**Q** 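Pasting a structure here, questions to come.
Proteins come first, then strands; the chains are lettered A, B, ... in the order of their sequence lines, and each starts at number 1. Given the structure is predicted, the values throughout are model-derived calculations rather than measurements.
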2 protein chains.
Amino acid sequence: MTRVLVVDDEPQLLRALRINLRARDYDVEVAADGTTALRRAGASPPDLVVLDLGLPDIPGIDVIHGLRGWTRVPIIVLSGRAGSQDKVEALEAGADDYVTKPFDIAELVARIRAVTRRVSVTGAGRRVDVGEHTVDLADKTVTGGVHLTPTEWHLLDVLLRNPGKLISQRQLLTAVWGPSYQRETHYLRQYMAQLRRKLETDPAHPRHLLTEPGMGYRFQP
Amino acid sequence: MTRVLVVDDEPQLLRALRINLRARDYDVEVAADGTTALRRAGASPPDLVVLDLGLPDIPGIDVIHGLRGWTRVPIIVLSGRAGSQDKVEALEAGADDYVTKPFDIAELVARIRAVTRRVSVTGAGRRVDVGEHTVDLADKTVTGGVHLTPTEWHLLDVLLRNPGKLISQRQLLTAVWGPSYQRETHYLRQYMAQLRRKLETDPAHPRHLLTEPGMGYRFQP
DNA sequence: CGTCGGCGTAGGGAAAGCGTCAAGACGGGC
DNA sequence: GCCCGTCTTGACGCTTTCCCTACGCCGACG
């Protein structure tokens with residue numbers, strides 16, 4: 001199911017979107033302000049963001065930058081400002097589409113579908129082998145009597161859902177600790193070491209939880 | 001170079017688009033009606049289509065269907081009709097964006113950039129063959145157990161995203177090290193040598209990472 | 001034939017980044 | 001209130017990566 005994060009506080013819009021998107025098998029989540037939006041997106045990255053630029057707390061353009069710092073999730077901007085300068089600014093900042101209020105709900109839905117049509121759905125298998133152990137991401141269990149703490153699970157989850165792919169330090173920190181921790185690379189070293197101790201056969205020479213110096217970490221199946 | 005096929009017959013729009021897109025390194029081709037557009041797209045598939053729905057010969061929506069029958073090339077629709085029903089129809093038919101006339105040329109350019117940016121990230125073309133190795137720019141992996149450092153990735157990234165094209169020394173230095181390093185050409189020699197050692201079959205006689213003496217470097221697929 | 005500019009290669013010092021140990025801070029359960 | 005597991009923070013040695021200098025090669029040119 002495609003997950004859409006809607007950043008807006010108009011109940012009417014939210015209700016209409018929910019109805020229309022549910023029917024097309026989308027899951028709708030909501031954030032009422034920019035701070036909440038960044039936190040929720042970091043905690044559980046959605047497949048698409050619908051972002052109202054008129055937020056109560058922080059400028060909408062900053063939310064775009066905050067997201068683009070670590071993810072390329074598609075962003076559709078809603079705004080009351082119709083000036084082309086505003087549009088260009090938002091699009092250059094990384095937005096994928098810009099819709100001017102007032103708009104028809106059917107048009108927004110059509111644009112959401114147009115954007116998500118391109119996104120490939122990466123179906124995640126829930127059981128993954130790491131060395132001698134087997135990790136079940138859904139049941140949150142590990143074979144061999146290994147027990148992981150919540151933070152360790154969160155970190156491992158991000159890595160295992162992207163097998164073979166390099167995940168940047170910023171991306172990991174944002175996903176696990178939140179956007180304001182993007183420079184606390186120390187946490188990563190700490191918890192990667194713990195995961196290796198618990199999962200790797202030889203923690204000093206990891207074969208699956210690999211470091212890419214200066215860039216990030218990678219799960220090698 | 002990204003090739004844009006513009007399907008329209010207004011000389012004013014064509015001229016403005018040509019100027020603005022050339023400056024951003026796009027190549028602009030033109031078709032005045034739907035039949036010509038389909039023929040030209042078929043003969044030599046462009047990277048993006050800008051399609052005016054008000055064509056003299058066939059309905060614009062049919063051009064969309066005609067293209068979508070065999071290609072997923074991004075389509076940006078221009079139209080004088082602002083009704084949401086028209087928009088939904090075009091987007092559902094497979095268009096990626098819908099711009100209502102009259103519009104600012106800067107907005108259209110920004111939307112073109114937004115669409116091509118998304119496609120270049122998610123679409124094909126992220127895997128590139130260099131000699132015996134295959135480089136995945138998104139996952140940051142190289143076949144054959146080759147490992148690259150962050151600076152090497154950065155440099156290779158710029159070259160591989162412009163296959164066959166000469167990249168000046170200044171351009172490379174600015175992209176990788178910053179504008180204040182434009183005269184440190186020995187950095188380039190240093191890191192190009194490392195990339196050749198790691199990727200070329202015969203580093204002394206490179207076949208893909210070529211030097212253009214006095215000018216710059218070129219990636220030859 | 002010698003000089004010169006541009007290029008490729010090699011190697012070492014400096015700095016940034018990483019892994020590890022250890023201890024303090026915090027919060028929930030008892 | 002106390003204990004225990006977990007999360008944060010600090011300190012230190014080690015590795016990787018980067019930056020910089022030096023030198024040899026080659027073709028152009030006078």
**Q** Are a donor atom and an acceptor atom from the side chains of A:Thr116 and A:Tyr26 found within less than 3.5 Å of each other?
**A**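 The answer is yes; a qualifying pair exists.
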**Q** Side chains of A:Asp202 and A:His205: is there a donor and an acceptor less than 3.5 Å apart?
**A**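 A:His205 and A:Asp202 do have a side-chain donor-acceptor pair below 3.5 Å.
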**Q** Under a plain distance cut-off of 3.5 Å, with no hydrogens placed, do B:Thr211 and B:Arg196 share a side-chain donor-acceptor pair?
**A**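 The answer is yes; a qualifying pair exists.
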**Q** Which residues in residues 212-221 of chain B have at least one heavy atom lying under 4.0 Å from any atom of DNA chain C?
**A**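 When residues 212-221 of chain B is checked for heavy atoms under 4.0 Å from DNA chain C, the hits, listed by number, are B:Pro213, B:Gly214, B:Tyr217.
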**Q** So, does A:Trp177 get its side chain near the phosphate of D:dC7, meaning an N or O under 4.0 Å from OP1 or OP2?
**A**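 No, no such contact exists.
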**Q** Quick check for you: name the first and last nucleotides of DNA chain C, 5' to 3', having an atom under 4.0 Å from a heavy atom of chain B.
**A**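 With heavy atoms of chain B under 4.0 Å away, the range is C:dG6 to C:dG11.
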**Q** State which residues pass side-chain hydrogen bond (donor to acceptor under 3.5 Å, both in side chains) with A:Arg15; sequence neighbours excluded, sorted by chain then number.
**A**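 With sequence neighbours excluded, A:Arg15 shows a side-chain hydrogen bond (donor to acceptor under 3.5 Å, both in side chains) to no residue whatsoever.
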**Q** State plainly whether the residues A:Asp96 and A:Arg68 are in salt-bridge range, i.e. N to O under 4.0 Å.
**A**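 Salt bridge between A:Asp96 and A:Arg68, a charged N being under 4.0 Å from a carboxylate O: yes.
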**Q** Ring centroids only, cut at 6.0 angstrom: are A:Tyr191 and A:Trp153 within range, meaning strictly under it?
**A**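 Ring-ring flag for A:Tyr191/A:Trp153: false, centres at least 6.0 Å apart.
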**Q** For B:Thr185, which contact category applies under a 4.0 Å heavy-atom criterion: base, sugar-phosphate, or nothing?
**A**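 The residue B:Thr185 makes no contact with any strand.
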**Q** Is any NZ, NE, NH1 or NH2 atom of the basic residue among B:Arg207 and B:Glu200 found under 4.0 Å from an Asp or Glu carboxylate oxygen of the other?
**A**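 No, B:Arg207 and B:Glu200 are not salt-bridged.
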**Q** Categorize A:His205 for me: base, sugar-phosphate, or nothing, with a 4.0 angstrom heavy-atom threshold over every strand shown.
**A**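 The answer is nothing, as A:His205 stays clear of every strand by at least 4.0 Å.
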**Q** Could you check whether A:Lys101 pairs with A:Asp52 (Lys NZ or Arg NE/NH1/NH2 to Asp/Glu carboxylate O, under 4.0 Å)?
**A**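 Yes, A:Lys101 and A:Asp52 are salt-bridged.
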**Q** When all nucleic acid strands are considered with a 4.0 Å heavy-atom cut-off, which category describes A:Gln194: base, sugar-phosphate, or nothing?
**A**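 Nothing, no heavy atom under 4.0 Å.
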**Q** Hey, does B:Glu184 reach any base, or is it just sugar-phosphate, or nothing, if we go heavy atoms under 4.0 Å?
**A**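 Contact class for B:Glu184: none.
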